[in-house]
Amino acid sequence: MLLLAARVRVRFAPSPTGYLHIGGARTALYDWLLAKKEKGLFLLRIEDTDRSRYVPEAMEDIMESLRWLGLHWDEGPDVGGPAGPYQQSERVELYRRHAEDLVARGKAYYCFCPPERLEELRRSGYGYDGHCRELPAEVCREYLEEGKKAVIRFKIPQEGKITVRDYLRGEMVFDLQTLDDFVLLKSDGFPTYHLAVVVDDHLMEISHVMRGDEWLPSVPRHILLYEAFGWEPPVFIHLPVLLAPDGKGKLSKRHGATSLREYREKGYLPEAVNNFLLLLGWHPPDDREVLTMEEAAAVFSPERINTSPVAFSLEKLDWLNGVYIRQLAPEDLAARALPFLQKDGVLPDPCPPERFAYLVRIIPLVQERLKLLSEISQQTAYFFQEEIPVPPPELLVGKKSSAGETRELLAAALKALEGVEDFSAAALEEVLRGLAAELGIKPGPLFMPIRVAITGRTATPGLFETMEAIGKPRVLQRIRAAIEGLA
RNA sequence: GGCCCCAUCGUCUAGAGGUCGAGGACACCACCCUCUCAAGGUGGAGACACGGGUUCGAUUCCCGUUGGGGCUACCA
């Protein structure tokens, strides 16, 4: 007994079978929020009891992803803690002892049924039939001594009903006859989920269990186990499942990105991902939906978690990402965008300080236009390049204009710009607006060819700020190149 | 098949018997702002699955139907 006191202790208990799933991230977030809100502790426990599905890199990815989200744990496999170890593969002795204890007390039994028999049983549509349940003790001992493969099964009481409780859904009644004698300890000596989760949640003094609602049908088994051990069960809070964006079927790889790392690689901010996940199944007491995790932790309450399935639709995530990008200080955004620019070859790695300083200067121009960090390269490449490809005439010449006219406009602009000493946005605006007035045309038809000439794009930040940032020499040179391209 | 869960705008949701001729957010449409694109502002369209009850009164409570989802492994 650890006697860690009656404070809230929650755990996130992923299985290292792959990268951290977006649904798992939500569970971890809710766990973290509850711990924060209640001034409790958040633990990380790795449930690696299935050796056949074990993926070596998974554990590192899970921890790295959680850290990226800022969901730091108080106890876990890397940091340790009073209830360790926090990796189930290091606790197999513990599970075995508990399973054997149940056998000794007549609440569980050894089963020697071969896989083929079990397979047949499964096809019949019912669970295990209790074949080994009443095996005489001598026979059992004999088999064991012979080294026969065996599992330990839990003995489900045969009659009656069991009432279990979910925090959000209330009481649920299950008929015991619909439950079969499930396996506690596998023949390889590892525990099944059911045994391990109950033993660990108890030993680690978990007060609230949050997990996906695919576990709802297993609650009776767990309650029965708690009763068999004579333990007090924790509060169960089952989170609504995440459905595919079209609402049909469970979210899976078929429906786009399901691992957190993919979102990170696409250029989503952890702030946005957290905020988005927060809203998938939970709603704040007021209508403020954009909130930091600190703000969320202050008002988080499990009562407000929904029970109906949730379609995982990304529209709001994209919007939230834009919101958080706009809130960032330029230096911060630059630092976060840099890896994307380097990956795309726009900036070198390592990045020289003066280039980074220039990036910081550019950032405010594109900040409110950015939805994903991964868009940074295509939106800013022309700032960093010495020369850009000469824009084709179809881009340069407006719908209502001609090549000749465009050439003349650019030539006039070039002439006016050559005389500008102070190449600042304000001065440039004055000069170019003056030029348009002089030519007797609206600003638009003059500005657009210039924009395309110096950026190669029709959609850019404000023209004058852009020109200032690119600088006089490159601006003039690009306009000259564009004029030549129209000849 | 058996067991379990769920059901408000396209999506996330508010709503806990009269306050609802159903509120917010994203997305969508229009207009405004405007050198383009964004951002921002204003406005618009858009939902209580269906059928029975209970009640003076149901989005809200109960039952059923339908629909969706999950579980039914020596996987979690």
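Just so we're on the same page: letters track the sequence lines, and every chain starts at 1. If you're wondering where the values come from, they're calculated on a predicted model, not measured in any experiment.
Results of the side-chain hydrogen bond (donor to acceptor under 3.5 Å, both in side chains) test with A:D181 over A:R133, A:K155, A:R153 single out A:R133 as the only residue that passes.
For the pair A:R304 CZ and B:A14 P, the interatomic distance rounds to 6 Å; values are reported in whole Å. For the pair A:K316 NZ and B:A27 P, the interatomic distance rounds to 9 Å; values are reported in whole Å. Note: CG (A:L239) to C1' (B:C4) measures 17 Å, nearest angstrom. Taking atom CZ of A:F276 as the reference point, atom C1' of B:C26 lies 10 Å away to the nearest angstrom. The distance between atom CG of A:L314 and atom P of B:C26, rounded to the nearest whole Å, is 16 Å. Atom NZ in A:K442 sits roughly 12 Å away from atom P in B:U34 (whole-Å rounding). Taking atom CH2 of residue A:W282 and atom C1' of nucleotide B:U13, one finds them 12 Å apart after rounding to whole Å. Atom CG of A:L251 is separated from atom P of B:C12 by 13 Å (rounded to the nearest Å).
A salt bridge links A:R117 with A:D129: the distance from a Lys NZ or Arg NE/NH1/NH2 to an Asp or Glu carboxylate oxygen falls below 4.0 Å.
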For this session: List the steps, then state whether side chain to side chain contact (heavy atoms under 4.5 Å, CB included) holds for A:M204 with A:Y86.
Result: CA-CA 9 Å; A:M204 295 181 181; A:Y86 294 86; 4.0 Å; yes
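Distance noted for atom P between B:U72 and B:A25: 41 Å (whole Å). Atom name C1', nucleotides B:A22 and B:A45: the rounded distance is 16 Å, in whole Å. For the C1' atoms, the distance from B:G15 to B:C61 is 15 Å, rounded to whole Å. On the P atoms, B:U19 is 27 Å away from B:C26, given to the nearest whole Å. For the P atoms, the distance from B:G41 to B:C6 is 38 Å, rounded to whole Å. With both ends at atom P, the span from B:G21 to B:A58 equals 13 Å, rounded to whole Å. B:G53 and B:U60 have their P atoms separated by 15 Å, given to the nearest Å. Rounded to a whole angstrom, the distance from the P atom of B:G57 to that of B:G46 is 30 Å.
Judged by Watson-Crick or G-U wobble contacts below 3.5 Å, the nucleotide B:A16 has no partner. Shown here, B:A49 forms a base pair with B:U65; the pair counts as Watson-Crick or G-U wobble because both key distances fall under 3.5 Å. In this structure B:A58 sits in no base pair that meets the Watson-Crick or G-U test at under 3.5 Å. For B:G40, the paired base is B:C32 (Watson-Crick or G-U wobble, both distances below 3.5 Å). Nucleotide B:C71 is matched to B:G2 when pairs are restricted to Watson-Crick or G-U wobble geometry with both distances under 3.5 angstrom. Base pairing of B:A25: its partner is B:U11, meeting the Watson-Crick or G-U wobble criterion (both donor-acceptor distances under 3.5 Å).
When heavy atoms are screened at a 4.0 angstrom cut-off, A:P461 is found touching base atoms of the nucleic acid. Nucleic acid contact for A:G322: none, since no nucleic acid atom lies under 4.0 Å from a heavy atom of the residue. Among the atoms of the strands shown, base atoms are found under 4.0 Å from some heavy atom of A:T458. Within 4.0 Å of A:L279, counting heavy atoms only, lie sugar-phosphate atoms of the nucleic acid but no base atom. Within the nucleic acid shown, A:V310 comes within 4.0 Å of sugar-phosphate atoms alone, with no base atom in reach, counting heavy atoms only.
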Problem set entry | Nucleotide-resolved protein contact map, nucleotides 69-76 of chain B, B/S/- at heavy-atom distance under 4.0 Å | SBS-SBBB
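Between B:C3, B:G24, B:C12, one nucleotide has an atom nearer to the side chain of A:F174 than all others, and that is B:C3. With B:C35, B:A39, B:C37 as the candidates, the nucleotide lying closest to the side chain of A:K371 is B:A39. Nearest nucleotide to the side chain of A:D287, out of B:A27, B:C35, B:G23: B:G23.
Taking the six-membered ring for Trp and the full ring otherwise, the centers of A:H194 and A:F182 sit less than 6.0 Å from each other.
Heavy-atom distances to RNA chain B give each of A:D175 and A:V323 a nearest nucleotide, and the one nearer the 5′ end belongs to A:D175. With RNA chain B read from its 5' end, the first of the two nearest nucleotides for A:H283 and A:G444 is the one closest to A:H283.
Looking at A:E303 and A:Y167, their side chains come closer than 4.5 Å, going by heavy atoms from C-beta outward. The closest side-chain heavy-atom distance from A:L373 to A:L333 is below 4.5 Å.
Between the side chain of A:R26 and the main chain of A:L280, a donor-acceptor pair closer than 3.5 Å is present.
The number of heavy atoms from other shown groups lying within 6.0 Å of OH (A:Y143) does not exceed 12.
Below 30°, between 30° and 60°, or above 60°: for A:F447 and A:F464 the angle between ring planes is above 60°, a perpendicular geometry. Aromatic ring pairs are classed by plane angle as parallel below 30°, tilted from 30° to 60° and perpendicular above 60°; the pair A:Y268 and A:Y263 is tilted.
The side chain of A:R326 places an N or O atom within less than 4.0 Å of a non-bridging phosphate oxygen (OP1 or OP2) of B:G40. In this structure, A:N306 does not reach the B:A7 phosphate: none of its side-chain N or O atoms is under 4.0 Å from OP1 or OP2.
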